[in-house]
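Quick notes on the structure that follows.
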There are 2 protein chains.
Amino acid sequence: MRILKYALLGMLNKQDMTGYELMKLFEGALSEFWSVKHSQIYPELKRLTEEGMVTYTVEISGSVLEKKLYSITELGRQDFMKWLGQTHKMKATPKEEFRLQLFYSSALAPERQVYILENQLKQHNARLEHLKKNQSEFGEVPKRGTYEFSDYLVLLGAIRREEATCNWLKECIDMCKED
Amino acid sequence: MRILKYALLGMLNKQDMTGYELMKLFEGALSEFWSVKHSQIYPELKRLTEEGMVTYTVEISGSVLEKKLYSITELGRQDFMKWLGQTHKMKATPKEEFRLQLFYSSALAPERQVYILENQLKQHNARLEHLKKNQSEFGEVPKRGTYEFSDYLVLLGAIRREEATCNWLKECIDMCKED
DNA sequence: TAATAACATGTCAATACTTACATGTTATTA
DNA sequence: TAATAACATGTAAGTATTGACATGTTATTA
């Protein structure tokens, strides 16, 4: 499917960037729905260069440190826009180790079952707080048509997802403790 | 991490099964949080056999068709229970192609942006209806401590997740159409 | 009874992803 | 100024996963 390809092209469609800067972006807001390691980014940029989807110029940082500033080409932009305009079928639900564990958890002592649920709730609550803090930094909702608006929509999606997860975990805990 | 290992051991901890039956289970309720292809199951069962985590007996179905009925061993059960009782750190958020697409969607015409959102909503609504149908087949909430109870909890989780996704998508559509 | 769907088990090649290895520069701060 | 963190770019080995290839049996239904 080469989705990483489109993740990178999408960024370079906004502005020229180095591999390192791309990596940093994937550690930030994007990490809520896509994660990549630098060991995957550099080879993919190399491949995209060979395919003519991107080009780069070598910039000197300081006195000797070379860095590659990548730009999207017209070919790359066309390929990206084609992907962006398409509707995509939902993929198989993502794997979640915790839900698998919960699925089998009847084999545990009831207190332990509640404990792992509470542990998970704690982790998701922490993430939710973090996301809400990010949201508050927006101040008001960005204008439609801007990239900030899209940033806001996906952040909202991450918040709604965490809220739902926290509420579900609380429901589970209540049901486990009932009378 | 070998999570597939625990997915398989967890099933065999409930009852003896063939590779084919395991595969069928991963196409059912489990598919909401774990998916596996048969091409991954058979080699993993082979490996677990070599490791002494499972054993099998060959059963004859009909007159000649051989099938392998797998059982968990004491070693396998101990390893599984160790995993089951542990608390696990949340993994990096699962990859979602649609959210990546939405993140870049400011480069699209506004009507197209709304169209892909509505398409996604349609797909998630369909899945939600399907999950609710499954829930209604439970009749009432199963008793705590049974495997049915765990089945119910993870189904509830899938429903809450889809509800949140649908609500978020509606929010996005409204925000795109505002005034 | 012939066709078809479901049962049943595997391998292989390719892709995707992670972890560790490997190296060196530049900016900050103690 | 010395240490440290951040910048910067790669490779290699191993694990995980998918999709295609490969084969044959049994049950159902038209």
Side-chain angles (χ1 to χ4, degrees), chain A residues 1-8 11 16-28 30-31 33-51 54 56-70 88-97 100, chain B residues 1-8 11 16-28 30-31 33-51 54 56-70 88-97 100:
Chain A
M1 216 69 56
R2 301 272 313 271
I3 301 181
L4 173 58
K5 168 181 165 179
Y6 297 109
L8 298 178
M11 285 298 177
D16 293 356
M17 247 177 271
T18 65
Y20 189 81
E21 285 169 323
L22 285 161
M23 182 192 74
K24 284 285 145 187
L25 287 171
F26 282 106
E27 285 173 0
L30 264 102
S31 72
F33 50 88
W34 209 266
S35 57
V36 201
K37 301 283 156 64
H38 78 276
S39 55
Q40 223 188 331
I41 291 176
Y42 291 115
E44 185 66 28
L45 284 171
K46 196 179 174 183
R47 186 173 170 187
L48 288 170
T49 305
E50 285 160 6
E51 292 171 340
V54 301
Y56 66 85
T57 53
V58 176
E59 310 262 303
I60 302 294
S61 183
S63 56
V64 286
L65 185 60
E66 295 189 342
K67 54 181 187 178
K68 295 180 177 174
L69 191 67
Y70 285 91
H88 300 282
K89 260 193 223 107
M90 282 170 66
K91 296 285 185 304
T93 312
K95 294 175 168 64
E96 273 195 56
E97 186 173 11
L100 187 69
Chain B
M1 217 69 57
R2 303 271 312 271
I3 301 180
L4 173 58
K5 168 182 164 177
Y6 298 109
L8 298 178
M11 284 301 177
D16 293 356
M17 247 178 271
T18 66
Y20 190 81
E21 285 169 323
L22 285 161
M23 182 193 74
K24 283 285 146 189
L25 286 171
F26 282 105
E27 284 172 3
L30 263 102
S31 72
F33 50 88
W34 210 266
S35 56
V36 201
K37 302 282 154 68
H38 77 276
S39 55
Q40 223 188 333
I41 291 176
Y42 290 115
E44 186 64 30
L45 284 172
K46 196 179 173 184
R47 187 173 169 186
L48 288 170
T49 305
E50 284 159 8
E51 292 171 340
V54 302
Y56 66 85
T57 53
V58 176
E59 311 263 302
I60 302 294
S61 183
S63 55
V64 286
L65 185 60
E66 294 189 345
K67 55 181 188 178
K68 294 179 178 174
L69 191 67
Y70 285 90
H88 301 281
K89 261 193 222 106
M90 282 171 64
K91 295 286 184 308
T93 314
K95 294 175 168 64
E96 273 195 55
E97 186 172 12
L100 187 70

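By convention in this document, chain letters (A, B, ...) are assigned in the order of the sequence lines, proteins followed by strands, and residues within each chain are numbered from 1. Computed from a prediction, not measured in an experiment: that's the story for all the values here. As a basis for the values below, the full set of heavy atoms in this structure was taken, side chains included, without hydrogen atoms, waters or symmetry mates.
The pair A/K91-B/E97 counts as a salt bridge, with a side-chain nitrogen and a carboxylate oxygen less than 4.0 angstrom apart. Using a 4.0 Å cut-off between a side-chain N of Lys or Arg and a carboxylate O of Asp or Glu, B/K68 and B/E59 do not qualify as a salt bridge.
Residues satisfying the salt bridge (Lys or Arg N to Asp or Glu O under 4.0 Å) criterion with A/K67, sequence neighbours excluded, are absent altogether. With sequence neighbours left out, the salt bridge (Lys or Arg N to Asp or Glu O under 4.0 Å) criterion links B/R47 to B/E51. With sequence neighbours excluded, the residues that form a salt bridge (Lys or Arg N to Asp or Glu O under 4.0 Å) with B/K24 are B/E27.
If you find the closest nucleotide of DNA chain C to B/K68 and to A/I3, the one lying nearer the 5' end belongs to B/K68.
One can place CE of B/M23 at 15 Å from P of D/dG19, the figure rounded to the nearest angstrom. Atom CG in A/L69 sits about 16 Å away from atom P in D/dC7, given to the nearest Å. Atom CG in A/L8 sits roughly 12 Å away from atom P in C/dA16 (whole-Å rounding). When the C1' atom of C/dT15 is taken as reference, atom NZ of A/K5 falls 14 Å away, rounded to whole Å. Computed from coordinates, the B/K67 NZ to C/dA6 P distance equals 17 Å when rounded to whole Å. Taking atom OH of A/Y56 as the reference point, atom P of D/dA8 lies 17 Å away to the nearest angstrom.
Annotation for B/M17 and B/M11: closest pair CE-O, 3.5 Å, computed over non-hydrogen atoms. Contact between A/L22 and A/I41 at its shortest, heavy atoms only, is C-CD1, 4.2 Å. Of all the heavy atoms in B/M1 and B/Y6, the pair that sits closest is O-CE1, 4.0 Å.
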| task | Would you check, one step at a time, whether the test side-chain contact (heavy atoms from CB on, under 4.5 Å) holds for A/Y70 with A/L45? | result | CA-CA 8 Å; A/Y70 285 91; A/L45 284 171; 3.6 Å; yes
| Annotated protein contacts, base or backbone, on nucleotides 17-27 of chain C with a non-hydrogen cut-off under 4.0 Å, one of B, S, - each | SBBB---BSS-
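Contact annotation: the side chain of A/L30 approaches that of B/L100 to within less than 4.5 Å [non-hydrogen atoms, C-beta and beyond].
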| field | Watson-Crick and G-U pairing of DNA chain C, under 3.5 Å, as dot-bracket with | and [ ] | value | ||||||||||||||||||||||||||||||
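Remark: A/F26 CZ is packed, more than 12 non-hydrogen atoms of other residues, nucleotides or ligands lying under 6.0 Å away.
Residue contacts shown for A/K24 are limited to sugar-phosphate atoms, with no base heavy atom under 4.0 Å away.
Considering only side-chain N and O atoms, A/Y20 lies nowhere under 4.0 angstrom from the phosphate OP1 or OP2 of D/dT9.
Within residues 41-51 of chain B, the residues that have a heavy atom under 4.0 Å from DNA chain C are, in order of number, B/Y42, B/K46.
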